[in-house]
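Report on the structure given below.
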Amino acid sequence: MALDDTKRSATETRLAAMVVPDVGCTARARQEALARLRAMGLPHRRDEYWKFTRPDTLVQPAPPRAALFADDEAPVFDSFERLKIVFVDGLFAPHLSDDLALEGIEIDRLEDVCCTSDHWAEDVYGTLEAAGQVPVERPLAALNTAFAGDGVTIRVTGRPSKPINLIYTHEATDSDVFLHHVVRVEPGAEATILENGPAAARFNNCMEIDIADTGRLHLVRAQGRDHERRAVTNLFARLGRESVFKCFTLTANGVLTRNECVVTLTGDDAIVHVAGAAVGDGDFHHDDTVFITHDAERCESRQVFKKVLRNGAIGVFQGKILVKPGAQKTDGYQISQALLLDGDSQFLAKPELEIYADDVACSHGSTSGAIDEDALYYLRARGIPRQIATDLMVLSFLAEAMEEIEAEDLRDEITARVAGWLERRRG
Amino acid sequence: MLEIKNLHVDLEEEDKTILKGVNLTVEPGRVHAIMGPNGSGKSTLSYVLSGRDGYRVTDGTATLGGQDLLGMEAEERAAAGLFLAFQYPVEIPGVGNMTFLRTALNAQRKARGEEEISATDFLKLVREKARALEIDADMLKRPVNVGFSGGEKKRNEILQMAILEPKMCILDETDSGLDVDAMKLVAKGVNALRDEGRGFLVITHYQRLLDHIVPDVVHIMSDGRIIKTGGPGLALEVERNGYADLKAEVA
């Protein structure tokens with residue numbers, strides 16, 4: 001289908017000042033991504049999957065400025081034993097990062113990959129993103145593949161002794177950053193990746209994850225507390241037989257966040273859990289767009305998304321489970337819920353199920369509502385002040401999402417962050 | 001202890017008068033029972049005293065140890081020593097029973113200017129009180145009242161009472177939905193808390209709970225007023241003759 005003029009011109013306007021980085025081995029993948037992008041055009045608010053989230057500020061050539069956020073709270077995961085990989089305004093900062101050598105894992109900077117011949121990541125870079133463009137187009141991910149300025153490749157070959165922590169900080173108020181990471185988990189290997197920080201005034205992050213048979217990957221993300229930043233994350237995961245992928249994202253603050261997650265279960269008995277907790281107060285627009293494809297037998301997928309919104313904050317959830325013909329004994333679950341702390345906030349949800357196999361169990365639910373007044377009264381009647389009782393109810397509401405984090409210490413860390421956020425907002 | 005004078009209460013949303021001049025004084029160490037037919041205002045009295053939203057006090061006063069209850073928030077009333085055992089304890093998914101109990105106890109202590117209880121002392125306290133009520137570790141771990149049977153919920157109410165050690169306990173139809181064994185267990189828990197410093201107000205439809213929690217004084221409530229006050233014998237009279245005779249007598 002020919003692109004309409006509005007889209008073509010918006011796309012070309014954006015591309016006009018951009019240069020595809022000349023990075024040897026990814027050059028072909030980048031040119032292909034650029035061609036894909038030109039064919040589909042950048043998102044427009046009339047697009048089916050952009051009706052609830054206006055893409056204008058993500059599409060325009062320069063990002064709106066974003067003030068730097070500062071307070072005295074220690075960054076998330078700071079107290080954890082981990083391997084730090086730091087990016088400042090989208091550029092790898094070796095002096096702030098740890099030595100990348102760790103047993104059970106191979107980490108390379110994206111640009112170094114291209115100096116090595118036959119690097120495994122060459123076959124993955126852009127491949128999962130390209131596959132994830134069907135049936136729903138994800139132009140911002142193609143834009144990322146074409147223009148990503150930095151990133152790492154992570155190959156998990158064993159069981160590294162500590163998590164890998166990708167840390168994104170920004171120092172400029174107008175930075176426009178594209179990072180692209182490629183992850184492969186080999187058979188029987190298992191690792192945890194942590195991501196945190198705002199990264200830029202406008203951040204576009206793409207992670208392609210290829211999990212081989214019986215591999216396991218845990219991804220826990222905290223998107224930073226910057227109020228004015230805009231962020232788009234694109235996760236593409238392909239899961240082999242009996243593999244496991246568990247992903248959790250905490251979003252607190254942020255004027256615009258779009259987290260897209262595209263997962264394809266290609267091997268039998270694979271498990272994917274994607275969860276998120278978002279807390280927003282005021283100028284906050286948070287969008288989870290998830291697409292999970294069951295293309296093998298006896299796979300399990302769970303989507304658990306919870307949002308707490310107040311003072312006009314907006315939450316969006318677009319989640320789909322597609323069960324392909326032959327994907328028998330699929331066990332699919334999807335829940336999206338919003339707790340609206342006042343009458344000004346909004347939750348827009350579009351749960352979708354598309355099933356072409358006849359022996360499956362898929363359930364989904366979506367709710368939005370206020371704090372349960374009866375429960376609040378009960379807590380207060382026991383002497384718990386209203387504010388603390390409300391916070392307790394909010395944490396209990398988010399608990400189902402947080403419980404998707406397998407490691408207890410990480411779960412406690414995330415829970416403590418949410419509790420801190422709530423406490424700072426007590427009247 | 002608890003002193004209610006000429007209390008008049010309307011429903012906020014319906015413009016309907018429920019309590020039409022209640023007078024009642026519960027002295028420390030005494031157990032008062034309120035009996036009455038459905039719709040007489042018994043539960044409303046317990047809600048108004050504990051600070052539930054949705055009621056408008058149009059006249060009268062209620063004090064606890066001289067403190068004006070009606071001007072306080074629900075949590076302040078609790079910290080002042082008032083406890084309501086709910087007729088229908090609320091289920092709160094996601095909030096663990098232990099977290100709930102500890103948060104409540106510490107919030108009350110803080111409000112009274114006392115030190116928070118240590119985790120070890122708290123655990124010891126809960127274990128000791130739970131044992132007497134046959135509440136097992138599993139019930140303590142589960143979210144508040146979620147998946148509890150009727151009897152378990154009521155026992156959980158008494159556990160809270162035992163831990164918070166209020167000055168004044170109101171039991172709102174604590175016998176409803178309980179079989180005889182469960183009722184005896186609950187009554188045992190309540191009786192264990194009877195002491196000279198603590199007052200009780202036991203609200204019930206039926207006399208049978210009063211066989212197990214023997215009151216000092218029995219009041220009969222009808223149409224928003226206390227129409228008769230007497231000793232434990234009054235409850236037996238109601239059991240035999242119903243409320244109709246009493247109402248006729250007063251009219």
Side-chain angles (χ1 to χ4, degrees), chain A residues 248 275-279 304-308 335-339 341 365 367-405 408 411-412 414-416 418-420 422-423 426-427, chain B residues 46-55 69 72-97 99-112 114 142-146 153 156-157 159-161 163-166 169-170 172:
Chain A
F248 173 89
V279 287
V304 181
F305 289 90
K306 305 258 184 167
K307 297 175 205 278
V308 177
I335 183 89
S336 64
Q337 295 181 305
L339 185 60
L341 294 180
T367 65
S368 62
I371 290 260
D372 179 348
E373 285 294 330
D374 286 340
L376 200 57
Y377 162 60
Y378 188 71
L379 294 173
R380 293 177 62 210
R382 294 297 175 256
I384 304 175
R386 180 186 286 276
Q387 291 276 359
I388 295 174
T390 304
D391 290 358
L392 208 53
M393 300 278 301
V394 169
L395 283 171
S396 81
F397 168 79
L398 293 172
E400 189 188 1
M402 251 93 88
E403 275 156 20
E404 292 296 328
I405 305 171
E408 202 180 334
R411 196 190 315 139
D412 291 347
I414 294 291
T415 304
V418 177
L422 291 168
E423 209 177 311
R426 274 182 203 154
Chain B
S46 71
Y47 289 145
V48 169
L49 291 175
S50 69
R52 187 181 190 138
D53 291 337
Y55 301 97
L69 278 178
M72 293 185 207
E73 297 288 344
E75 54 266 37
E76 294 169 338
R77 301 179 197 203
L82 185 76
F83 183 94
L84 169 64
F86 281 55
Q87 183 180 0
Y88 304 108
V90 181
E91 296 187 6
I92 312 181
V95 178
N97 216 9
T99 307
F100 163 60
L101 290 168
R102 200 178 60 238
T103 309
L105 180 59
N106 279 333
Q108 291 202 11
R109 291 172 81 115
K110 197 176 162 198
R112 291 193 292 259
E114 299 164 17
R142 293 203 316 243
V144 180
N145 294 324
V146 175
K153 282 181 182 168
N156 202 28
E157 293 294 289
L159 173 67
Q160 293 164 39
M161 194 192 280
I163 287 170
L164 297 172
E165 298 185 314
C169 309
I170 304 172
D172 186 10

Flag if over 12 foreign heavy atoms under 6.0 Å of CD, B/E114: yes

Side chain, backbone, both or neither of B/N106 within contact of chain A (heavy atoms, under 4.5 Å): neither

Closest contact, heavy atoms only, A/A381 versus B/A78: O-CB, 3.4 Å

Listed partners of B/R77 passing salt bridge (Lys or Arg N to Asp or Glu O under 4.0 Å), at least two apart: none

Which of A/D372, A/I388, A/L379 touches chain B most, by non-hydrogen pairs under 4.5 Å: A/L379

Heavy-atom pairs under 4.5 Å with chain A, option from B/Q108, B/E75, B/Q160 with the top count: B/E75

Rounded distance (nearest 0.5 Å) linking atom CZ of B/R102 with atom CD1 of A/I384: 11.0 Å

A/R382 with B/E157: basic N within carboxylate O range, under 4.0 Å: yes

All N/O donor-acceptor pairs, side-chain side in residues 80-97 of chain B, below 3.5 Å, sequence neighbours left out:
unit_1: B/Q87; atom_1: NE2; unit_2: B/E173; atom_2: OE1; d: 3.3
unit_1: B/E91; atom_1: OE2; unit_2: B/K153; atom_2: NZ; d: 3.0
unit_1: B/N97; atom_1: OD1; unit_2: B/N156; atom_2: ND2; d: 3.4
unit_1: B/N97; atom_1: ND2; unit_2: B/M139; atom_2: O; d: 3.2
unit_1: B/N97; atom_1: ND2; unit_2: B/N156; atom_2: OD1; d: 3.2

